[in-house]
Structures are given as C-alpha cells and as structure tokens.
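To start, the structure under review is shown below, and the notes come after it.
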Amino acid sequence: MYAVYHGPAGLKQIATRANNHARVIASSLVAGGFTLASDTFFDTVVVNVENADAIISKAVEAGINLRKVGETQVGISTDETTTSAVVKTLLEVFGVQLSAPEGFELPEAMVRTSDFMTHPIFNSISSETQMMRYLRRLSDRDLALDRTMIPLGSCTMKLNSAAEMESITWPEFASIHPYAPAAQTAGWRELITDLEGRLTAITGYAGVSIQPNAGSQGEYAGLLAISDYHRSRGESQRDLCLIPASAHGTNAASAVLAGMRVVVVKTAADGTIDANDLDAKIEANKDVLAAIMITYPSTHGVYDADVREVCDKVHAAGGQVYIDGANMNAMVGLAQPGKFGGDVSHLNLHKTFCIPHGGGGPGVGPIGVGEHLLPFLPGDASGTYSERDGVPVVATAFGSAGVLPISWAYIAMMGGDGLTEATKHAILNANYIAKRLGEHFPILFTGNQDLVAHECILDLRELTAKTGVTAEDVAKRLIDFGFHAPTLSFPVAGTLMVEPTESEDLAEIERFIEAMITIRQEMDEVLSGAYSIEESPLRNAPHTVSAVVNSNWDRKYSVEQAAFPVASLKFDKYFPTVGRIDGAGGDRNLICSCPAPEAFED
Ligand SMILES: *Cc1c(COP(=O)(O)O)cnc(C)c1O
C-alpha cells in the first residue's frame with residue numbers, strides 16, 4: 001500500500017531526500033573536522049570519533065539514538081522520517097555547523113536507470129480519496145471475518161477486537177526501534193515479562209520465551225532445546241523424532257530442520273495414536289529416541305484420553321515430549337500441557353490469543369518449557385542473546401514484538417475466568433455443530449461420550465461416492481451462502497474441518513447449520529436425478545453477479561437458487577468476484593498475472 005500510494009516517482013523522491021540528509025550530515029561533519037569511515041553511502045554515515053559512548057550519550061540527551069559501530073565509530077542513519085530540524089539537532093551534538101551537501105554523490109555504477117514498478121496499480125492512484133476507494137474496493141471483494149464466520153479448522157480464526165489492537169498503533173509501542181537501548185524499552189520489557197508470566201501460568205510450564213515468530217519456528221526452537229538438552233547429558237545420539245500420522249505438516253518439517261530423523265506413528269481407526277504401533281516404534285528406537293511431537297487436542301479435533309500414558313512411555317525410554325499447542329483454544333483454563341506430560345509446547349498467539357493472521361502474519365509462536373529445559377530457551381527479553389554462548393537465536397530482538405500488546409490485552413481483559421469461559425464456549429460451539437450436522441453429515445472422529453473438542457470433521461467421502469459431490473463443491477457452494485469455507489481435506493482428504501471458535505454467537509452458528517443442511521438437500525437432488533452433478537448448483541458454485549445477471553441463463557436450477565438459496569440472502573448478499581477456478585491446477589501451473597507483454601512495448 002505504501003508503494004501503491006507513493007508510486008515509483010514518490011519512492012524515488014523519498015529515497016533521494018533521505019540520501020540528501022545523509023550527504024548534508026557527511027558534508028557538515030567533514031567541514032567540522034571529522035573523518036568518515038567511507039565516502040560512499042546511501043543513508044548511513046559512519047563517522048570516526050574519539051569516544052563513541054560519550055557522543056552516543058550526548059545524542060540520547062538530544063533525543064537521538066546513534067549506533068555504536070566500535071569504540072571510536074558511530075553510525076548515523078537517515079530515512080523518510082528525518083527532518084531538517086533533526087539534522088540540525090544532530091549536528092549540534094557533534095558541535096559542527098550545517099553545510100550544504102558537497103560531493104558524496106551516489107557512484108554512477110550504483111544508480112538505477114531501469115524503470116521499476118511499472119504495473120498500472122503503482123501508477124494510477126494519485127489522491128488520498130482514490131487510495132481510500134481502492135482499499136474499500138479490495139475489502140469489498142474479501143469474504144472476511146467482518147462478514148462471516150471463518151470456520152477454518154486448525155486455524156482458530158477468532159475475533160480480533162479493536163480494544164485489543166488499538167494500542168499497537170500508539171507511538172510508544174509502534175515507534176521504538178528493535179535495537180533501542182535497554183533504558184528506553186523498560187515498558188516493552190515489562191509487558192513482555194508480564195505476558196511471558198501469564199503464558200507460563202496458562203500452560204503450566206516453568207518458563208516461556210516469546211522469541212519465535214511463528215508456531216513452526218516455535219517447533220524449531222523447542223526441538224533445538226530438546227537436542228541441546230540431550231547433548232548436555234552426553235546423549236547426542238538421540239536424534240530421532242516420533243510423529244503421529246495425524247500431525248500438522250509443520251511438525252515433521254521442523255524436526256528435519258532441527259536435524260532430527262522422523263519416524264511416523266500410525267493413527268488408530270478412531271483417530272487416536274495407535275498404542276501398539278507407538279510401543280513398537282519406541283522399543284525399536286529407544287537408544288536414539290529424542291522426542292515425540294503430539295498435538296493436543298489432536299488435529300482430528302478430539303482429546304486423546306490416553307495422552308498421559310503416551311507421554312509416560314516416551315519419558316521412560318529417555319525421550320522428550322513436544323506438545324504442539326496450536327489447539328490451546330480447547331485447553332486454556334481447563335488443562336495445562338506442562339502438567340500432563342509435556343516438556344515443551346509452542347502456542348500460536350496469532351490463533352488462540354487474538355493476533356489477526358489472515359494474510360499470513362506477523363505471527364508469534366512462543367514456547368513454554370519445563371524446568372530442565374530453561375537453560376536451552378532461545379534468547380530472552382533482556383536482549384543480550386550473544387551472552388548465551390552456544391544457545392541458538394531464532395529471531396532478533398524480541399521477535400514479532402509489535403503485536404504482543406494484542407495478546408497481552410486479550411488475556412488481561414478476559415482474566416482467568418473469562419479465558420476459561422471462552423474455552424468452554426469454543427468447545428460447546430463445536431459440539432453443537434457436530435450434533436446438529438451429525439444427522440446430515442457423519443462426524444469422522446469423536447472421543448469420550450461422542451464428544452469432539454473445539455473442532456469437528458464432517459466426513460463427506462461416502463456422500464461423494466454416492467452423489468459425486470465433493471468436499472470442494474461444498475466449500476465453493478458455501479461462498480454463495482456468504483460463508484468462508486471450512487478447512488478442506490485436512491487432515492483427512494475428502495472431509496471438511498469446522499472450527500467455529502467462541503467468537504461466534506448462536507445466530508451465526510444457526511446460519512451456518514442452515515446453509516449446510518440446504519447444501520445437503522442439493523446433494524439429495526443430485527441423488528434423485530433432478531440434475532446431474534455437472535448441472536448442479538454445487539459444481540457450478542460459486543455464482544458471480546455476471547453469472548446470474550444473464551439473459552441466456554439455461555441451467556437446470558433457477559437464478560434464485562443460484563444466488564439466494566436461503567431467503568435471508570436477499571437482504572445481505574456477498575457476491576464473489578470470480579467463479580470456480582481449478583485450485584490444484586493453479587498450484588501446479590505458475591502463471592504471471594501482470595499486464596500482457598505488449599503493454600511494455602514502448
Ligand atoms: C497452525 C499450526 C501450526 C503452525 O503454526 P504457524 O504459526 O502457522 O507456523 C502447527 N501446528 C498446528 C496444529 C497448527 O494448527
């Protein structure tokens with residue numbers, strides 16, 4: 001959006017201005033008797049001084065942070081926020097007069113001469129009003145949480161409330177450099193330490209690090225801690241990680257990245273870990289067993305009742321237990337992985353703890369660890385990572401610190417009772433959907449007393465065999481009802497995984513159930529021969545405006561059924577801007593959606 005708003009000319013202007021400020025600073029310093037480390041620079045001038053610490057503290061008094069390059073060198077960087085007033089103050093710190101820029105031009109060979117950002121979108125918006133309309137147009141095309149529940153199982157798409165998010169725009173949080181001196185980040189440190197304490201209380205572990213930038217990076221950091229722990233005990237041969245077949249794809253990838261070998265443990269017919277296979281794999285590998293990675297409740301949406309036994313068996317064989325805590329939405333306030341057998345877990349603050357994650361980031365994947373793994377946590381909130389020799393650093397500074405106030409605010413505003421209530425509500429919502437829809441679509445896995453955890457898997461495979469209607473057809477048809485699709489074909493192909501979260505009220509859940517039951521009736525119509533699967537509204541979904549506003553409409557179902565399959569849609573309708581595309585085809589065939597080559601001819 002920054003690029004769209006400024007365009008290539010604007011960006012060039014911004015860069016030139018930053019460079020000019022740097023040239024003014026360099027010229028003035030040299031005129032005042034200083035020498036530079038280099039005559040060639042873009043925005044960063046490194047100047048030789050007698051005593052770096054002395055000039056840095058003098059600059060701090062004037063409200064400017066300089067970078068200590070060495071005992072006798074400091075770095076000064078300019079950018080688009082640098083003003084002439086800042087430059088003047090800076091030069092006063094050095095005790096030199098302002099001079100006009102002289103020399104220090106960018107070397108010819110480094111100056112870009114080719115065009116860039118030639119796509120029309122970077123060259124068509126020239127007013128703030130148009131920018132506003134562009135943003136609005138994009139958001140109108142989006143089927144987001146401000147229109148519909150996003151029942152993506154395993155993703156926990158919940159409300160990101162304005163009250164939780166407001167503070168991240170405050171300059172006190174937003175305008176601090178990640179490497180600002182410790183004395184200037186006391187508030188940040190307090191917030192981070194407090195948040196780590198709250199997450200420690202929630203998970204039941206001995207300590208938490210907020211370093212990792214994603215759940216997957218938490219897995220990586222947690223497995224490195226496990227490896228280092230084994231090594232510290234002279235057991236560096238322990239390099240094998242057991243992973244149940246039902247695990248999230250990141251688990252195995254992280255294990256490999258952390259240098260471990262992966263052995264897959266089978267899933268039993270009811271979706272739980274196959275106990276016999278687990279015993280056999282532990283026995284066969286007990287001398288090299290480093291860890292098991294399990295997800296609790298599992299990606300099958302059920303609480304494995306024997307989770308303690310699984311943990312005990314692995315511990316008895318000398319292995320560590322990694323409990324993937326991405327499904328913490330089904331546990332907060334009710335159960336603690338640190339207490340029922342886990343040695344490490346990651347949380348997804350961008351799932352359970354309200355950081356928005358549509359569009360892919362930024363995430364935070366803190367890990368909690370037991371007492372014995374505390375020395376192997378990556379980095380800490382002190383920011384002095386280099387002091388911890390041999391301990392890997394997984395992210396610089398405080399990781400994705402900028403979004404931490406969201407999770408802090410969520411936990412602080414909810415309180416212990418509120419968080420527990422939210423968990424219960426999330427579980428109740430999923431079970432309500434499972435019970436109501438269970439009559440129409442079989443629920444694949446259920447645990448004790450036929451209950452699910454915080455999500456449920458609708459098994460369409462038998463219906464698909466009978467009618468030809470696939471899970472993908474259902475996912476696409478849901479768009480016509482104004483719903484974002486549930487998770488498609490994960491963790492079991494041919495199924496839909498639904499996670500409503502506690503953020504949805506009964507009315508929205510009933511709206512979803514009505515849509516799914518209506519879709520089930522359309523499947524019956526295929527079965528009864530009213531139309532073939534190819535002719536059905538299911539296979540032809542989703543329906544765009546131009547599909548239905550069409551005087552040549554010749555389908556076997558009415559325009560009304562296409563666009564308004566339930567009456568409430570007449571009052572509140574979302575039209576997708578594109579019809580069905582072959583998703584897998586798109587994944588396999590990379591295409592460029594830039595303007596045609598002819599557009600670049602002149
Ligand atoms: C989302 C998820 C992950 C990965 O987390 P990212 O933040 O996307 O890297 C790992 N395990 C499970 C069970 C998840 O749902």
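Computed from a predicted structure; not experimentally measured. Every heavy atom of this structure was used, including side-chain atoms; hydrogens, water molecules and symmetry mates were not. For the single chain, residues carry numbers from 1 onward in sequence order. Counting convention: from 1, in listed order, for ligands and their atoms alike.
There is a side-chain donor-acceptor pair under 3.5 Å between Ser345 and Tyr205.
Using a cutoff of 4.0 Å between basic side-chain nitrogens and carboxylate oxygens, Asp473 and Arg477 are not scored as salt-bridged.
The shortest separation from a heavy atom of Gly363 to ligand 1 is not under 4.0 Å, leaving the residue out of contact. Ligand 1 has at least one atom lying under 4.0 Å from a heavy atom of Glu219.
Remark: among candidates His346, His350, Met328, the nearest residue to atom 7 (O) of ligand 1 is His350, based on non-hydrogen atoms. Looking at His248, Glu499, Glu455, Met293 and measuring to atom 3 (C) of ligand 1, the nearest heavy atom belongs to His248.
Of all atoms in ligand 1, numbered sequentially from 1 with element shown, those under 4.0 Å from a heavy atom of Asn348 are 1 (C), 5 (O), 6 (P), 7 (O). The atoms of ligand 1 that sit less than 4.0 Å from any heavy atom of Asp324 are 10 (C), 11 (N), 12 (C), 13 (C). Less than 4.0 angstrom separates some heavy atom of Ala214 from each of these atoms of ligand 1: 7 (O), 9 (O).
For Ser154, a nitrogen or oxygen atom sits less than 3.5 Å from a nitrogen or oxygen atom of ligand 1, counting backbone and side chain alike.
Closest of all the heavy-atom pairs between His454 and Ala330 is ND1-CB, 3.4 Å. Counting all heavy atoms, side chain and backbone alike, Thr299 lies closest to Glu455 at O-OE2, 4.1 Å.
Gln320 pairs with exactly one of Leu373, Leu223, Ile292, Val314 by the side chain to side chain contact (heavy atoms under 4.5 Å, CB included) rule, that one being Leu373. Here the options are Val364, Val332, Leu404, the test is side chain to side chain contact (heavy atoms under 4.5 Å, CB included), and the partner is Phe353; only Val332 passes.
In this structure, the side chain of Lys313 does not engage the main chain of Ile282 through any donor-acceptor pair within 3.5 Å. Listed for the His300 side chain is no donor-acceptor partner under 3.5 Å among the backbone atoms of Val302.
With a heavy-atom cut-off of 4.0 Å, Ala326 touches ligand 1 through its side chain alone.
Looking only at protein heavy atoms, the nearest one to atom 15 (O) of ligand 1 is Lys351 NZ, 2.7 Å. The nearest heavy-atom contact from the protein to atom 6 (P) of ligand 1 is Gly215 N, 3.4 Å.
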